[in-house]
Amino acid sequence: MYTQALNNPAVEAGVEDEEKLAAFQARIDREEKIEPNDWMPAAYRKTLVRQISQHAHSEVVGMLPEGNWVTRAPSLKRKAILLAKIQDEGGHGLYLYSAAETLGVSREELVDQLLSGKAKYSSIFNYPTLNWADVGAVGWLVDGAAIMNQIPLCRCSFGPYSRAMIRICKEESFHQRQGYDLLVAMMKGTAEQQEMVQDAVNRLWWPALMMFGPSDKDSKHSADSMKWKIKRFTNDELRQKFVDATVPQAKVLGISLPDPDLKLNEETGHWEHGEPDWDEFYNTIKGNGICNKQRMKDRIKAHEDGAWVREAAQAYAAKQAAKKSAA
Amino acid sequence: MTDTALFTYCMRLADDSAILSQRLGEWCGHASHLEEDIALTNIALDLIGHARELYTYAGQIEGKGRDEDALCFHRVEREFNNLLLVEQPNDDFAYAIMRQFLFSAFMLPFWEAMMSSKDEQLAGLAAKAEKEATYHLRHSAEWVIRLGDGTEESHNRINNALEFLWMYTGEMFECDEVVSSLVAEEVAIDPMSIKHLWDETVNTVLVRANLERPTESWMQTGGRKGEHSEHLGHILSPMQYLQRSFPQAQW
């Protein structure tokens, strides 16, 4: 998983050829896919690089909170499911970095942006996974929220991104079901297991709602993304869809959601909900979440510890190429 | 007696897979690059699959109602019978790769030979595991070569790993009464019968990696009798913590 509307600064529009712009917009309006070699406005390219790379970084950083439980998974079956899921996230990172590369940026540059703190990733991964039920709650709520965000991206105007999303969404919906299944198993279990589930949901519910980004009234930069059909629904619309889908699932599970304002509006059919703590959200985005620094420290360590491995692979490849050309 | 021997034999193989998969799982999210992160956890997944089948089968042979999780999560250090090699830590990527290579160079011919075991369950598992071991060996051997013939640093690191881990390779070829009784029934294979294949793989790869094969030296032993290095307890502690803390719970 996943994308987040992070209120990024607007991309400088620059001066574009009016005719080309009009033709480009006409293609988008006809729902044609834009492919890497097609002409596109610089701002469209920049917006996509930023969004796709943030998404890729989120997948990769997101491996850490789940990885936190790999060695402690309580059964061999659950360990296999968890490892396979995290592996999928790594695979999503790979597809997405590749999709971003089609726009003329290298994976190395993007990784450097992440490690230098220049690039953002989803705020959700700056929360810790504190008990085994968190693994299930991440699948159910975090991947569930990701799916709401990502299904519309399958129709994104940029071809490589939309095709990557089709594949990713299939896997994410599987993850969500696995997460829910884990929680169902625990809710059928002992009182201690049930407490773990409730505790995990209490901690992760609001951060999951924050994954859709700031409220529409504070979200400034979606106009271009909407016009270009990168984004098709507003943050609040997606958040509402998620709440509507999730509340009945919580009831089936037999847990409560930590929002006293949650109630069904009989007229609209929507579940009305309270406001997430936006100060906490912005503070986490700024880098002050409980795990921000730890996550970056872990990514930097893996990258630095792996430097000699990557150098060796390159040195070996260069030697092989030299041998081949000498032969 | 045969059942006891077969139970022990399956448990040894299951413990090898479970402990090595636990070590490989430690890399999840921390490998040098994404592709390798996925590769190492993929090997871990294959091994968890082997462990599950073997523990389940061992539990059936034993007939005391212990399932795969009871056998994996409710035994102490001295009851684990894995090879010392597989419990050695991930000191760096070179150690992880060399450990995998030395093990997979054995497991590939092992599973190939086990495909003709008279025990149908083991033969069936061997047919599947052989395909996976082919990939594990290819992957680890390619890295041994790349690291050995890469930079000076990578050469030194993989060489250190080879020299350290070498003393744990003798254990793979041990043949005690458990093994020999099953060899007599054509259920198990004599590990010495595939030693030449292991030697051939190891020698070929080490040459390509510019590494020198360590001279035959003292070989450590004990894993098959539950006498381990200090590392095993630290592997089991996190691995078993939830099962031990909540023994009544189903997960």
Side-chain angles (χ1 to χ4, degrees), chain A residues 56 59-80 82-84 86-91 93-94 97 107 111 131-132 182 185-186 188-190 192-193 196 298-299 301-320, chain B residues 18 21-42 44-45 48-49 51-52 55-56 67-69 71-73 92-94 97 142-143 145-155 157-158 235 237-243 245-246 248-251:
Chain A
E59 299 282 358
V60 175
V61 177
M63 295 166 79
L64 295 170
E66 296 184 284
N68 181 38
W69 281 92
V70 164
T71 60
R72 295 179 292 168
S75 72
L76 288 167
K77 178 183 149 194
R78 293 289 175 198
K79 194 191 298 288
L82 179 59
L83 266 177
I86 301 172
Q87 218 186 9
D88 284 351
E89 314 293 7
L94 282 176
Y97 282 128
R107 181 164 142 197
V111 170
N131 82 52
W132 170 250
L182 185 158
M186 288 183 76
K188 283 185 189 156
T190 65
E192 286 153 321
Q193 286 176 297
M196 287 182 209
D298 287 350
R299 284 312 316 155
K301 184 175 187 316
H303 191 72
E304 288 178 354
D305 287 354
W308 69 271
V309 178
R310 296 189 301 274
E311 283 161 19
Q314 280 178 341
Y316 177 76
K319 283 184 199 177
Q320 292 303 107
Chain B
S21 69
Q22 186 73 3
R23 277 293 188 219
L24 289 165
E26 292 171 10
W27 283 100
C28 183
H30 304 283
S32 58
H33 50 293
L34 271 176
E35 287 85 345
E36 195 52 32
D37 212 298
I38 293 172
L40 291 172
T41 47
N42 208 47
L45 273 171
I48 292 175
R52 293 184 68 189
Y55 282 134
T56 300
D67 65 8
E68 58 184 53
D69 291 329
L71 289 170
C72 187
F73 296 95
D92 66 9
F93 181 67
I97 281 297
E142 281 177 1
W143 269 114
I145 295 166
R146 244 178 248 138
L147 298 180
D149 191 20
T151 62
E152 191 183 341
E153 180 179 7
S154 69
H155 179 87
R157 284 178 185 259
I158 195 76
I235 296 176
S237 301
M239 185 173 102
Q240 297 181 336
Y241 125 82
L242 276 170
Q243 285 270 352
S245 304
F246 307 100
Q248 305 306 320
Q250 295 294 314
W251 304 93

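Lettering follows sequence order; numbering is per chain, from 1. Heavy-atom basis, side chains included; hydrogens, waters and symmetry copies ignored.
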Heavy-atom contact with chain A under 4.5 Å, split by part of [X]:
X: B:Ile48; answer: side chain
X: B:Phe73; answer: side chain
X: B:Arg157; answer: side chain

Which residue pairs satisfy the salt bridge (Lys or Arg N to Asp or Glu O under 4.0 Å) criterion with at least one member in residues 63-80 of chain A, sequence neighbours excluded?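 Residue pairs with at least one partner in residues 63-80 of chain A: A:Glu66-A:Lys85, A:Arg78-A:Asp181.
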
Between A:Ala73 and chain B, with a heavy-atom cut-off of 4.5 Å, which part of the residue counts as in contact: side chain, backbone, both or neither?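 Interface part for A:Ala73: backbone (N, CA, C, O).
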
Do A:Val111 and B:His33 come close enough that some side-chain heavy atom pair is under 4.5 Å?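 When only atoms from C-beta onward are counted, B:His33 and A:Val111 do not touch, as no gap falls below 4.5 Å.
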
Top residue by heavy-atom pair count (under 4.5 Å) with chain A, among B:Arg23, B:Met239, B:Gln248?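 That would be B:Met239.
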
In Å and rounded to the nearest 0.5 Å, what is the [atom1] to [atom2] distance from [X] to [Y]?
X: B:Gln250; Y: A:Ser75; atom1: CD; atom2: OG; answer: 9.5 Å
X: A:Lys319; Y: B:Asp149; atom1: NZ; atom2: CG; answer: 4.0 Å
X: B:Trp27; Y: A:Leu83; atom1: CH2; atom2: CG; answer: 15.0 Å

When A:Ala185, A:Gly306, A:Gly90, A:Ala307 are compared by non-hydrogen pairs under 4.5 Å with chain B, the top option: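 Ranked by contacts with chain B, first place is A:Gly90.
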
What residue, out of A:Val309, A:Asn68, A:Thr190, has the most heavy-atom pairs lying under 4.5 Å from chain B?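 Maximum pair count with chain B is reached by A:Val309.
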
Please collect all side-chain hydrogen bond (donor to acceptor under 3.5 Å, both in side chains) contacts where either partner lies in residues 305-314 of chain A, sequence neighbours excluded, each pair once.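 Counting only pairs at least two positions apart or across chains, the side-chain hydrogen bond (donor to acceptor under 3.5 Å, both in side chains) contacts touching residues 305-314 of chain A are A:Lys301-A:Asp305, A:His303-A:Arg310.
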
